[in-house]
Amino acid sequence: MADPDLYKPLADRSKPKYYVLEMLPYPSGALHVGHLRNYSIGDALARYKWMRGFNVLHPMGWDAFGLPAENAAIKNNRQPREWTLANIEAMKRQHNRMGFSYDWDLEVSTCEPEYYKWNQWFFLRMLEAGIAYRRKALVNWCPECATVLANEQVVDGCCWRHETTPVEQRELEQWFLRITKYADELLDDTGKLEGGWPDRVLAMQRNWIGRSEGAEVDFKHESSSEKIRVFTTRIDTIYGATCVILAPTHPLAPFLSSPELKRDIKAMIDTQGANKDQGEIEKEGLFTGHYAINPFNGDKLPIWIGNFVLMGYGTGAIMAVPAHDERDFEFCRKYDIAVRPVIRPVDGELGDAATMTEPFTGYGILENSGEYSKLSTSDGQRRMTAKAKREGFGEKAITYRLKDWGISRQRYWGTPIPVIHCAKCGIVAVPDDQLPVILPTNIEITGKGRSPLENVPEFLNTTCPTCGGPARRETDTMDTFVDSSWYFYRYCDAHNSQAPFDSNKIAYWFPIDQYIGGVEHAILHLIYSRFWTKMMRDIGIISNDEPVKRLFTQGMVIKDGAKMSKNKGNVVSADEMIDRFGADTGRVFELFAAPPERDLEWTDAGAEGCLRFLGRVFRFITRNLDVESGAETTGADRKIQRKLHQTLRKVTDDFETRWHFNTSIAAMMELVNEAYALEPELSSQVRRDLLEKLTLMLAPFAPYMTQELWENMGNSGPVFRQQWPEYDEELAREEGAEVILQVNGKLRSKVIVPFGTEREELERLTKADDKIQAHLQDKQIVKIIVVPDKLVNVVVKG
RNA sequence: GCGGAUGUGGCGAAACUGGCAGACGCGCCAGACUUAGGAUCUGGUGGGGGCGACUCCGUGUAGGUUCAAGUCCUAUCAUCCGCACCA
């Protein structure tokens with residue numbers, strides 16, 4: 001037994017070299033090959049653990065991403081899948097059929113009450129720390145289903161189920177986690193992840209956090225004490241401001257609006273919500289009839305409401321500087337608002353307001369800017385910000401694109417948020433000793449109305465833990481991304497009933513050495529879990545800053561030019577493939593067709609080639625099992641041993657470094673081709689050694705077939721529990737170095753020489769070579785470059 | 001618009017630190033065995049020229065560095081992905 005640790009409790013194991021975790025897809029229906037691909041890589045690694053001390057914890061992470069399953073269930077008007085032991089067993093059987101070898105012992109199901117309990121425990125800690133909070137937020141609302149919609153469920157401004165019903169914006173009380181508190185740290189620490197994480201994932205995260213530096217400035221309302229605070233990255237352009245524009249949902253909008261205007265604003269809010277994520281839309285504005293004062297020059301600026309101003313970014317209000325901003329320019333030209341240029345290029349002219357056709361958005365020299373005129377834009381920014389601060393009408397400010405994480409879901413499926421609403425005491429946390437709050441089972445999924453939990457009086461009605469009076473339970477459940485944010489920590493101590501985990505165990509295991517998953521998790525899951533790690537560190541139960549040192553993102557399986565999906569109907573189901581080719585062939589093809597980080601176009605023909613290869617291996621081994629032949633070591637023996645050990649070295653190296661299993665399989669194909677060529681000449685001993693090592697080497701890629709071969713060789717027990725075969729450098733070594741001979745960098749000849757042949761000897765051999773001499777005719781040798789054991793290049797002239 | 005990546009045969013790809021471009025496989029062509037071949041085995045297969053030994057061209061495009069560039073540098077084009085009225 002190569003890995004006696006495997007079945008010990010986690011805490012009793014010796015520390016492995018790596019701790020590999022894999023993100024799993026969600027069980028939205030039948031398994032697709034896209035999913036199989038996920039498994040194949042992790043699974044090949046799983047098999048590798050007995051080779052090099054890899055330890056792959058294979059999470060039972062299904063329900064961490066249960067949302068689509070639930071949507072499907074609601075859509076079909078039936079109950080979500082029950083997470084019973086029987087269902088989990090069925091899933092294991094399905095996977096065993098596909099040849100996945102998981103560490104089922106370590107499974108943690110994030111829908112178990114025990115896991116709810118710790119989700120809720122974390123929630124309460126965050127509530128105490130002010131990280132969890134509740135506020136009103138705008139949500140997409142379908143009046144037809146009377147339910148909240150996720151952004152993805154809004155199609156062309158209408159509900160995905162009612163294509164003619166426009167989605168409305170409604171304000172609901174929602175629970176949030178203050179991830180923005182960690183925005184700077186999340187951004188800065190991407191630097192620590194460089195090298196270990198793919199660049200594109202880090203870029204996506206930085207982009208998502210979207211830090212931008214600028215200033216906030218107050219524009220006073222002309223006739224009241226109200227102030228409109230705007231955010232700008234270009235305070236230097238403030239003398240060019242010609243109006244102030246508010247988001248339609250800005251808190252001051254109602255104050256500035258007549259009843260008719262309020263109606264128009266409401267309509268604008270709804271279209272704005274409906275067109276969210278639609279890219280650029282036609283700019284619309286509504287003039288309020290009110291004015292605000294520019295604090296720098298006392299200008300009276302009209303206050304508008306604009307559909308392109310977002311409440312969720314900055315302060316929800318902007319100063320429009322049409323002469324120096326494309327968007328403001330477009331808006332002001334449309335509504336005939338003044339354009340006032342105040343910046344010129346360093347060696348250029350100030351634009352002319354009447355004739356300019358596009359704004360100047362670059363940096364340069366300030367003009368028409370009072371005491372700041374003739375300053376550079378950067379000096380202007382600095383001095384204006386300082387003045388705003390000094391005089392109390394503004395300050396330096398940083399805003400983020402990242403918003404606080406709204407975790408409220410009006411759904412049945414999920415961890416109940418552990419708070420109680422009491423008429424007298426307000427929002428009261430459920431005491432720790434009453435956790436977990438468990439979902440009732442007698443629910444009815446109607447697909448209508450809000451959370452089905454509101455229709456279950458036994459769940460809804462409770463007593464206030466503070467005053468003992470009658471109270472209502474919170475019916476929102478948590479986003480399932482909460483589950484996936486820390487499940488891997490729980491794996492280290494899955495049965496702990498006193499705490500989410502023992503901190504010492506986390507200190508021992510974490511951070512994760514290697515995490516594997518699809519790039520679709522680059523933003524949400526991978527930011528949330530980084531946030532959760534920092535949060536846990538701050539409440540003092542772990543000490544690592546980051547959850548994952550190295551991240552590997554594998555590609556997708558593409559069929560007919562598109563990502564496989566049930567909607568497109570371009571799915572190759574795993575079952576179908578198993579019936580046609582077998583699980584081994586499917587696995588080998590996926591690994592062979594492209595390196596794992598790349599997308600892969602599915603072709604049946606390619607799979608057939610791999611079936612052929614496996615057939616060649618099977619026939620070769622089978623017909624050679626009982627062959628007896630001469631015992632002396634022949635030239636063929638030496639050749640095949642060299643190839644065998646070179647192949648072993650290659651495959652072992654691919655596992656340890658690049659995971660380019662396509663080249664591993666190519667190398668094994670070469671070995672088999674050579675074995676076919678030399679087959680009749682091999683001695684019994686070498687033949688036997690070849691059969692055995694080839695079987696072991698292929699086992700991670702084709703587990704079923706190699707298991708059978710392994711048993712046919714007279715062995716027993718699982719092949720994947722055998723020691724990984726070691727390669728022998730001596731046997732792998734070539735007999736001599738093949739040296740390339742070039743003239744002016746062009747290949748002209750080759751020679752084979754003993755390793756370590758001296759430069760002088762190589763030069764002599766080169767000059768003596770017939771083919772080289774032919775190219776040296778009438779030429780003058782300028783110099784000779786010699787790279788020992790590799791290459792000689794003769795540089796000539798004339 | 002911003003950000004990230006990728007461009008190599010008919011196709012999937014390989015070439016890991018600059019050093020034989022196209023490994024391996026698919027497809028195609030030919031042969032063997034066959035009543036048959038959609039099984040199997042063997043050989044060939046980047047393009048042009050030559051009976052041939054050989055030879056010239058060739059890694060999106062244009063330059064550059066180097067004895068030597070798919071690989072490094074500069075510019076440019078195309079495709080894919082992510083974000084996007086972000087103030």
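Numbers restart at 1 for each chain; the letters A, B, ... are given by sequence-line order, proteins then strands. Just so you know, these numbers come straight off a predicted model, no measurement behind them.
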Any base atoms under 4.0 Å from [X], or only sugar-phosphate, or nothing? Heavy atoms, all strands.
X	result
A:Arg619	sugar-phosphate
A:Ala666	base
A:Lys746	sugar-phosphate
A:Asp325	nothing
A:Gln742	base
A:Arg211	nothing
A:Tyr400	nothing
A:Val230	nothing
A:His775	sugar-phosphate
A:Glu738	base
A:Gly609	sugar-phosphate

Does the distance from a Lys or Arg side-chain N to an Asp or Glu carboxylate O, for [X] and [Y], drop under 4.0 Å?
X	Y	answer
A:Glu735	A:Lys639	no
A:Glu326	A:Lys283	no
A:Arg340	A:Asp299	yes

Just how far, in rounded Å, is [atom2] of [N] from [atom1] of [X]?
X	N	atom1	atom2	result
A:Tyr676	B:G25	OH	P	12 Å
A:Asp328	B:C86	CG	C1'	12 Å
A:Leu747	B:C67	CG	C1'	15 Å
A:Met668	B:G25	CE	P	13 Å
A:Ile784	B:G19	CD1	C1'	16 Å
A:Leu791	B:U66	CG	C1'	14 Å
A:Arg234	B:C86	CZ	P	14 Å
A:Arg401	B:C86	CZ	C1'	8 Å

Can you check the distance between [N] and [M], where both ends of the measurement are the [atom1] atom (answer in whole Å)?
N	M	atom1	result
B:U76	B:G25	C1'	35 Å
B:A39	B:G27	P	9 Å
B:G58	B:A68	P	15 Å
B:C24	B:U6	P	26 Å
B:G3	B:G10	P	35 Å
B:C33	B:G50	P	35 Å
B:G70	B:U17	C1'	15 Å
B:C72	B:C54	P	34 Å

So, is the end of the [X] side chain (NZ or CZ) under 6.0 Å from the ring centre of [Y] and within 45° of the ring's axis?
X	Y	answer
A:Arg327	A:Phe308	no
A:Arg612	A:Phe589	no
A:Arg587	A:Phe581	no

State whether a side-chain donor-acceptor pair under 3.5 Å links A:Thr399 with A:Tyr313.
yes

Sub-3.5 Å donor-acceptor pair from the side chain of A:Ser749 to the main-chain atoms of A:Lys771, do we have one?
no

Short question: side chain of A:Thr271, backbone of A:Ala267 - any donor-acceptor pair under 3.5 Å?
yes

Heavy-atom side-chain contact between A:Tyr335 and A:Cys243 under 4.5 Å:
no

Any non-hydrogen side-chain atom of A:Arg598 less than 4.5 Å from a side-chain atom of A:His660?
no

Using a cut-off of strictly less than 4.0 Å, decide whether [X] has a side-chain nitrogen or oxygen near OP1 or OP2 of [N].
X	N	answer
A:Arg616	B:G25	no
A:Lys790	B:G19	no
A:Asn673	B:G25	yes
A:Arg748	B:U55	yes
A:Lys783	B:A68	no
A:Arg206	B:C2	no

Between A:Phe701 and A:Phe661, how do the two ring planes meet: parallel, tilted or perpendicular, split at 30° and 60°?
perpendicular

Give me the ring orientation class for A:Phe531 and A:Trp405: parallel if the planes are under 30° apart, tilted from 30 to 60°, perpendicular past 60°.
perpendicular

Close aromatic pair by centroid cut-off 6.0 Å: A:Phe331 and A:Phe287
no

Compare the minimum distances between each of [options] and the side chain of [X], then state the nucleotide with the smallest one.
X	options	answer
A:Leu310	B:C26, B:C86, B:G19	B:C86
A:Arg327	B:C26, B:C86, B:G3	B:C86
A:Ile318	B:C67, B:A87, B:C20	B:A87
A:Trp208	B:C24, B:C83, B:A87	B:C83
A:Ile785	B:C85, B:G19, B:C24	B:G19

Atom NZ of residue position A:Lys334 - does it have more than 12 heavy atoms of other residues, nucleotides or ligands inside 6.0 Å?
yes

Apply side chain to side chain donor-acceptor pair (under 3.5 Å) to the pair A:Arg401 and A:Asn207, showing each step before the final yes or no.
CA-CA 8 Å; A:Arg401 211 188 75 89; A:Asn207 203 268; 5.1 Å; no

Neighbours of RNA chain B within residues 236-251 of chain A, by heavy-atom distance under 4.0 Å:
none

Find the runs of at least 3 consecutive base pairs, i with j, i+1 with j-1 and so on, that include RNA chain B, using Watson-Crick or G-U wobble geometry with both distances under 3.5 Å.
B:1-7 with B:77-83, B:10-12 with B:24-26, B:27-32 with B:40-45, B:46-49 with B:54-57, B:60-64 with B:72-76

Residue whose closest nucleotide on RNA chain B lies nearer the 5' end, A:Arg200 versus A:Asn207:
A:Arg200

Would you tabulate the pairs of protein nitrogen or oxygen atoms and nucleotide nitrogen or oxygen atoms of nucleotides 11-16 of chain B closer than 3.5 angstrom?
{"residue": "B:G12", "atom": "O2'", "partner": "A:Ala593", "partner atom": "O", "Å": "2.7"}
{"residue": "B:A14", "atom": "OP1", "partner": "A:Asn662", "partner atom": "ND2", "Å": "3.1"}
{"residue": "B:A14", "atom": "OP2", "partner": "A:Arg598", "partner atom": "NH2", "Å": "3.0"}
{"residue": "B:A15", "atom": "OP1", "partner": "A:Arg658", "partner atom": "NH1", "Å": "3.2"}
{"residue": "B:A15", "atom": "OP1", "partner": "A:Arg658", "partner atom": "NH2", "Å": "2.9"}
{"residue": "B:C16", "atom": "N4", "partner": "A:Lys650", "partner atom": "NZ", "Å": "2.8"}

